[in-house]
Protein chains: 2
Amino acid sequence: MKKVGLKDIAEHVGVSIALVSYVLNGQAEIKQVSKDNAQKIKAAAELLNYRPNQIAKSLKMHKTHTIGLVVADINYRFSTGITRAIEAEAKKANYTVLFGSSNENEDTFAELVNVLINRQVDGLILVPVENSQDQIKMLQKAEIPFVLIDRNFPEITTNHIALDNYKAAYIATAYLIKQGHKRIAFINYDTNMFHLHERNRGYLEALKDNNIAFDEDWLQQINSNNRVGDIDQSLDKILNLDQPCDAVFFATDTLAINGLKYLNKIKAKVPQDISVLSFDESEAFELFYNLVTHLRQPVEAMGKAAVDTLLELINHSKINKQISLESDLIVGQSCRE
Amino acid sequence: MKKVGLKDIAEHVGVSIALVSYVLNGQAEIKQVSKDNAQKIKAAAELLNYRPNQIAKSLKMHKTHTIGLVVADINYRFSTGITRAIEAEAKKANYTVLFGSSNENEDTFAELVNVLINRQVDGLILVPVENSQDQIKMLQKAEIPFVLIDRNFPEITTNHIALDNYKAAYIATAYLIKQGHKRIAFINYDTNMFHLHERNRGYLEALKDNNIAFDEDWLQQINSNNRVGDIDQSLDKILNLDQPCDAVFFATDTLAINGLKYLNKIKAKVPQDISVLSFDESEAFELFYNLVTHLRQPVEAMGKAAVDTLLELINHSKINKQISLESDLIVGQSCRE
DNA sequence: TCATTTGCTTTAATCGTTTAAAGTGATAGC
DNA sequence: GCTATCACTTTAAACGATTAAAGCAAATGA
């Protein structure tokens, strides 16, 4: 059973290809196609089970009605959330999402972006990885519509949607202080990504504003290549200081999960021995014996904003939007009361 | 900066489009293009930052080098695992993956499949949803290469890759029996999907083979529309029988997670009050105070087998493969020893 | 010297659509 | 009776690539 095209329908009905195209694109009225032919064409399309070849259509129209999405790692809870939100929003506008995961790798990221461009996506939504500035600049030079989400580079002016990471970290730290903590550790990745630096800044600023003298052993920077081992060491460190920490704030859900596993292992009780607070959400937080207090990112809103912005960009070209969103502090029982 | 095509390069160098195409497709040798021109063309392509228009190429070649993937729900751990595996495997063969999530909805599933076909994917990898038999038959009639994973319909002969669900459930149940359990509940969805029925069958058969008289209150069927409430009720039921169950086996990770939340809520201790075993994997299982004993599905192998089978189908057409895989029982501390 | 071969390049059709523009026969207006 | 309009329909040129087939000098052979 070979593919049926406009030609087959045209032959079947005995009219030209153009007429078929008009009818099937809802232009029967305006092109004044006779009711009789319109009727026959529709029937034939149905009968032959015609499916328009989007590839041909895209080629002609210079529009694929597709947007490309590159997330940092499909295994992150954040990624699945944002993917879902973006898909749903895109569908409303009749766009399909072409999707890839860079696995936080610079080369994979570049390759994915390239593949998507070659497939003529109308625009891109990207969660950029560390050191991908050149790729971003390339996109700007090539005038390809794109928006960054979750992360951005302060030195490059882009359309982006991200959490106010500084504020979120500030609020979380302030919350721990309000709960009576005086020695709060912050475990973050050792990275040069701006959004994670902002979290450091929020943490530090909150300490300062509350007159807590920061001890640099409190800020632990994890090498993402040796995550598990490093987190264990970091926790050992902050728990065995002369003045041990009584709270720990994890900069991401992955850090928190690995950290909590270790705390379980060494039988440290949360929050009796140490309070725990984490960025992001995770199903695992709910199964921990005490719901882990965490900062929930508004993924739905983020996805919607990203798609909306991108579509504006695609349709009316020049706009410049930097959207900053706020997180919710979900209070569980993992912090001292 | 408008898009550069073969034409632009041709004009820049002062040769025909054909020559450019030959060179950039590595046919310089066989088409005996002069070294001089070949050199200039490559240089110009580089200089002008040429990117082949895959859409045009696909139209001409009747091949998109794209495979479509429809998962049941991007939020499932299984989905992200399988997606990653399929992407990695597809990339090796220079295929891109176009991806969608049906959210277990029949109509969304049909729509996604259609969108993918219209985009001329070379083949499909599908996790079919309940009642999607007609879609599958349609694909067969249209002779579109596809393979099913995770689930299949016994009444339709298809290429598929799936776990031996019967065996997995049997092994898990037998394990619980070996640990001394005599009253084992099984919580499954109320569904007509074959793979979940197979899990029921494995559970029942294991009881029978071990001379345990099955009590029909032990098999709880959850309506997926009211998952949370139903699970709570089911657990209440099995814990409050005249002869309460001392073990519960969840048919999926989502069921287990919700079940464990409820067990936490009513302060039932695992495994002291009740042993717990679950199908699938979840990050959350590791954060539960006792690692939840579970059946791990071989997603990597599954993804690889799916891509390999599909590519065979695409290239050499007629084959018929039903691949059955085995799960691993990961023993944690959630079952009585 | 003329025909053939060699080495390289161009021409032009094609993929399945879209859509201006042109074509056609009937009817209406003057 | 001649032109204009109307109500349709077809023609044909794109879109950006691929690739047989044809074209064209220069070199070689007889």
Side-chain angles (χ1 to χ4, degrees), chain A residues 1-42 44-45 48-66 115 117-122 142, chain B residues 2-42 44-45 48-66 117-122 142:
Chain A
M1 178 161 144
K2 70 164 198 307
K3 293 254 166 80
V4 295
L6 289 182
K7 193 166 76 166
D8 304 279
I9 298 178
E11 276 166 13
H12 188 268
V13 179
V15 294
S16 71
I17 291 177
L19 218 50
V20 179
S21 174
Y22 290 143
V23 171
L24 298 182
N25 284 302
Q27 302 203 254
E29 296 285 283
I30 133 168
K31 296 289 173 178
Q32 308 190 108
V33 178
S34 67
K35 306 266 180 222
D36 185 41
N37 274 333
Q39 181 50 39
K40 281 191 204 153
I41 287 168
K42 280 185 199 149
L48 301 176
N49 190 25
Y50 168 72
R51 295 149 178 281
N53 182 329
Q54 295 297 338
I55 294 283
K57 194 166 192 156
S58 296
L59 177 60
K60 182 79 225 241
M61 308 298 261
H62 300 278
K63 198 136 193 322
T64 54
H65 267 269
T66 307
V115 165
I117 293 175
N118 292 351
R119 290 191 182 244
Q120 315 296 122
V121 293
D122 295 338
Chain B
K2 70 169 198 305
K3 292 255 167 78
V4 295
L6 289 184
K7 194 166 76 167
D8 303 279
I9 299 178
E11 277 167 11
H12 188 267
V13 179
V15 293
S16 71
I17 292 177
L19 218 51
V20 178
S21 173
Y22 290 143
V23 172
L24 298 182
N25 283 303
Q27 300 203 254
E29 296 285 283
I30 136 168
K31 296 289 174 178
Q32 310 188 108
V33 178
S34 67
K35 306 266 180 220
D36 184 43
N37 274 334
Q39 179 52 38
K40 281 192 205 151
I41 288 168
K42 279 183 201 151
L48 302 177
N49 190 26
Y50 169 71
R51 296 152 179 280
N53 182 328
Q54 295 296 339
I55 295 283
K57 192 167 194 159
S58 296
L59 177 60
K60 181 78 225 252
M61 308 298 262
H62 300 280
K63 198 138 197 317
T64 54
H65 267 268
T66 307
I117 293 174
N118 291 352
R119 288 189 184 244
Q120 314 296 121
V121 293
D122 294 338

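The chains referred to below are lettered A, B, ... by the order of the sequence lines, with proteins before strands, and numbering in each begins at 1.
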Does B:Y22 get its side chain close enough to the base of D:dA17, under 3.5 Å, for a donor-acceptor pair? no
Among residues at least two apart in sequence or on other chains, which ones pass side-chain hydrogen bond (donor to acceptor under 3.5 Å, both in side chains) with A:N118? none
Considering only heavy atoms of chain A and a distance under 4.0 Å, specify the first and last nucleotide of DNA chain C in 5' to 3' order that meet this criterion. C:dG16 to C:dA20
For residues 8-16 of chain A, which residues have at least one heavy atom under 4.0 Å from DNA chain C? none
Using a cut-off of strictly less than 4.0 Å, decide whether B:N25 has a side-chain nitrogen or oxygen near OP1 or OP2 of D:dT18. yes
Just how large is the angle between the end axes of the helix from C:dT1-D:dA30 to C:dC30-D:dG1, five pairs per end, to 10 degrees? 80°
Separation of A:I41 atom CD1 from D:dC8 atom P, in whole Å? 13 Å
Heavy atoms under 4.0 Å, any strand shown: does A:I55 hit a base, just sugar-phosphate, or nothing? nothing
Which is more 5' along DNA chain C, the nucleotide nearest B:L19 or the one nearest B:A56? Just name the residue. B:L19
The correct set of residues in residues 27-36 of chain A placing a heavy atom under 4.0 Å from DNA chain C is A:Q27
Indicate whether OP1 or OP2 belonging to D:dA17 is found under 4.0 Å from a side-chain N or O atom of B:Y50. yes
Pairwise N/O distances under 3.5 Å, protein to nucleotides 26-29 of chain D:
none

